[in-house]
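Just so you know, these numbers use all the heavy atoms, side chains as well, and skip hydrogens, waters and symmetry mates. Numbered from 1 within each chain, the chains take letters A, B, ... in sequence-line order.
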4 protein chains.
Amino acid sequence: MTDSGDSRPADTVLTRPGKRERLLGAAADLLYREGVEKTTLADIAQAAGVPLGNIYYYFKTKDAIVDAVVEAHVRGIKEMLASLDRRYRNPKGRLKALFRTLAGQHDRIAQYGCPHGTLCSELEKTGRAGEPAVARLIEIPIAWTEEQFRSMGRRDARDLAVEFIASYQGTAVLTQALREPALLSREGRRLERWIDSLDTSE
Amino acid sequence: MTDSGDSRPADTVLTRPGKRERLLGAAADLLYREGVEKTTLADIAQAAGVPLGNIYYYFKTKDAIVDAVVEAHVRGIKEMLASLDRRYRNPKGRLKALFRTLAGQHDRIAQYGCPHGTLCSELEKTGRAGEPAVARLIEIPIAWTEEQFRSMGRRDARDLAVEFIASYQGTAVLTQALREPALLSREGRRLERWIDSLDTSE
Amino acid sequence: MTDSGDSRPADTVLTRPGKRERLLGAAADLLYREGVEKTTLADIAQAAGVPLGNIYYYFKTKDAIVDAVVEAHVRGIKEMLASLDRRYRNPKGRLKALFRTLAGQHDRIAQYGCPHGTLCSELEKTGRAGEPAVARLIEIPIAWTEEQFRSMGRRDARDLAVEFIASYQGTAVLTQALREPALLSREGRRLERWIDSLDTSE
Amino acid sequence: MTDSGDSRPADTVLTRPGKRERLLGAAADLLYREGVEKTTLADIAQAAGVPLGNIYYYFKTKDAIVDAVVEAHVRGIKEMLASLDRRYRNPKGRLKALFRTLAGQHDRIAQYGCPHGTLCSELEKTGRAGEPAVARLIEIPIAWTEEQFRSMGRRDARDLAVEFIASYQGTAVLTQALREPALLSREGRRLERWIDSLDTSE
DNA sequence: TATGAATGAGCGTTCATTCAT
DNA sequence: CATGAATGAACGCTCATTCAT
């Protein structure tokens, strides 16, 4: 569950517990709110309550932190989707719950945009480390959504999934630009009606 | 129409022609492709073929350049919409043409995202200059789209406009994330069918 | 009266009248209030209402402006002393009038110090142009004062002159440091009593 | 006693000893000899044998260095006065010793003026940081001098103190302007006679 | 003479990264 | 493992000075 995917030190008694996690959390928050370029390692260190020099024990470079934040988001997304799978058995219910979950933070989205979409945008531009990883922030929800549509018997499941996630991402962009959280709520209602209206052979 | 809104030196014969424009063009391009934070004034200077120190004759600060780029985008958007108004008399035709124009650069969008959406995202985060200007990049197309829907007799014109622009912005986000320009084409076809299917009392 | 000491352009109809004088006045004011290093040529140009590039027609370099300002001060001091010579026949009266004149601007002195003393200080430090000229800002008043004491029959005229001018300069330093213009008035009264009490064989 | 008043890094064994002190010393020297505006951080770094970027570990900004130099001067003045208090019991002896100490560096004063007076002058002009601190460079010696006069039973102790310090400062100005260190020696002798001649009820 | 424009060296400052202990 | 200190390249910006007309 907490596997980071890279060689992180074992959680022995010697390691101050949670230090890496605190760094990751602080980094995720700052990268989201301030942007990747504007966030300094000193900012992250301070926010995490970790001495600057000590960061490098946990992360080789700033890029490594960024990568780890992306990975943390990927894990978070996977966990969320798994949770939806557990809590909802019906694909339509799952889709509606997905949007509610994504759009739940509409006030933060109005300030900083979608955490995945904006991170993706910024990283693709600056072309950090030739990361293909970042695309998963978008691809994973699409794939899961596609699966739901497919289980509803839709042949055009992929297209519908793209349309669904695009609706969320696009509304997030507008919500941030116009600083109008209500946009997400309204779009949520529209999508719910749309999903309810869909033919299903299930 | 081409008034920049800030005190730029008069375009006399003495001024090497287009220097400011070249700076603006280089800045717009770099800001789009590299992001605002990552783009340096030296980059802009070099791309425009202007000595670094000379930038400050045309723009007081980097922020002023960013503002000017936003303004240039705003002007460009207005001109594009005016051109659509001229070329198409039918609101449905206009809307379809808008999407075709926006999505026309799908290869660049697959690399760098929507020029307006990503700029908006980045600027809202870093909160430069308390600019409300940047929201216009999104608001103006929405307002124009709303107008088209309204002229079609739609009471829910604003909602439809938000939905329409959000579809484009969201697809742009996905297109960039997945590096799949085809997404925009497919969404274009879907929106065309949708628009054609809309009731209109015109 | 208006001879500048260096080759300034003749005051023909072609030359906008007073341009050099305006530059000099603006420079003197800014050098006094902001300090030599902090004052830019652009500041001077703007304050004088003269285009930046045009300064160089009147002054070869910034140093030349500084020199010219020193010269202008020297001229001003000489004129003031000549005026005192004309208006007062009695050496004691002359000395008291000198202090009243110097200390007259006590509010400005409380903000910026003595125009001659602070200019002298700053220029001696930065060692501009190996100027010996600047010392005259101090030497000329001392010499004049010495002359007055000598005409009073004092053998120690030079020492008394140094003491007198030092009292003014020192009080000016304290006046600026403590921002207390009253210091100069009080010192003026003390010096008047002192002068009145002096033996004179005249 | 040597507490700097700002958050300087603890003087642990890890810190290369004296680095901050060397920076402060180099800064004080350069600020005195070259003036505040003319002194660059690179100059200070080089004079202290510290890499440019490392300055910022010890001082946040150039202004902070200037402030620290002022504070160092204030501390130095206080220590000198405390030393005089210890070494001399008689107020007249103390006053004479003060002048001797201040004027001791007459050769440097002939080149750069009084370290306190000229710093004060320059800082009051450029209005750095709204510092009232700088006035203490002048006020503290005046207050101490006043105390001596008061302990001699003088009612006009403040005026005498102002006169005394002004004499020093004014002579320092003349000494620098005329590059004549002897002026300070002569003024020292005059002030000694003056002090010896003063009535005292002690 | 007059002037807007151009130029480049240098300024204060930041920051990812490394080092010594 | 931990950490204060060190480092240097680069950033945004300024400015005296020069140029072209």
Side-chain angles (χ1 to χ4, degrees), chain A residues 9 12-16 19-20 37-45 50-65, chain B residues 8-17 19-20 37-45 50-65, chain C residues 9-10 12-16 19-20 37-45 50-65, chain D residues 9-17 19-20 37-45 50-65:
Chain A
T12 69
V13 281
L14 291 176
T15 313
R16 179 127 144 264
K19 214 158 176 180
R20 190 180 196 276
E37 292 298 323
K38 218 196 160 198
T39 298
T40 71
L41 292 179
D43 290 342
I44 294 171
V50 167
L52 175 58
N54 199 11
I55 290 189
Y56 286 86
Y57 177 74
Y58 298 98
F59 302 98
K60 269 203 169 70
T61 63
K62 185 180 177 182
D63 275 0
I65 298 182
Chain B
R8 80 150 191 276
D11 222 323
T12 68
V13 281
L14 295 177
T15 312
R16 180 130 141 261
K19 210 155 179 184
R20 190 181 196 272
E37 294 297 324
K38 216 198 162 199
T39 298
T40 70
L41 293 176
D43 291 341
I44 295 172
V50 167
L52 176 56
N54 198 14
I55 289 189
Y56 289 88
Y57 184 77
Y58 297 96
F59 302 98
K60 274 201 166 69
T61 63
K62 184 180 178 182
D63 274 2
I65 297 181
Chain C
T12 69
V13 281
L14 293 176
T15 313
R16 179 127 143 265
K19 216 158 176 181
R20 189 177 195 275
E37 292 299 323
K38 219 196 160 199
T39 298
T40 70
L41 291 180
D43 291 340
I44 295 172
V50 167
L52 175 58
N54 199 10
I55 290 190
Y56 286 87
Y57 177 74
Y58 298 99
F59 302 98
K60 269 202 168 71
T61 63
K62 185 180 177 183
D63 274 0
I65 298 182
Chain D
D11 221 323
T12 69
V13 282
L14 294 175
T15 313
R16 178 129 143 262
K19 210 156 179 183
R20 191 181 195 272
E37 293 298 323
K38 216 197 162 199
T39 298
T40 71
L41 291 177
D43 291 341
I44 296 172
V50 166
L52 175 57
N54 197 16
I55 289 190
Y56 288 88
Y57 184 78
Y58 296 96
F59 302 97
K60 273 201 165 70
T61 62
K62 185 180 178 182
D63 273 2
I65 298 182

Whole angstrom value for the distance that separates [atom2] of [N] from [atom1] of [X]:
X: B/I55; N: F/dC15; atom1: CD1; atom2: C1'; answer: 16 Å
X: D/K38; N: F/dC15; atom1: NZ; atom2: P; answer: 17 Å
X: B/R20; N: E/dA6; atom1: CZ; atom2: C1'; answer: 17 Å

[X] to [Y] - nearest heavy-atom pair and separation:
X: D/V50; Y: D/I55; answer: CG1-N, 4.3 Å
X: D/E37; Y: C/E37; answer: CB-CB, 3.3 Å
X: B/P51; Y: B/A45; answer: C-CB, 4.3 Å

Sorted by chain and number, sequence neighbours left out, side chain to side chain donor-acceptor pair (under 3.5 Å) with B/T61 holds for none
For C/N54, which residues count as a side chain to side chain donor-acceptor pair (under 3.5 Å) partner, sequence neighbours excluded?
none
Counting just side-chain N and O atoms, does A/Y57 come under 4.0 Å of either OP1 or OP2 of F/dC1?
yes
How would nucleotides 8-14 of chain E be written as a contact map, 5' to 3', with B for base contact, S for sugar-phosphate-only contact and - for no contact, using protein heavy atoms under 4.0 Å?
B--SSBB
Just the dot-bracket of DNA chain E, please: which string comes out with Watson-Crick or G-U pairs under 3.5 Å, [ ] for crossing, | for another strand?
.||||||||||||||||||||
All salt bridge (Lys or Arg N to Asp or Glu O under 4.0 Å) counterparts of C/K38, not counting sequence neighbours
C/E34
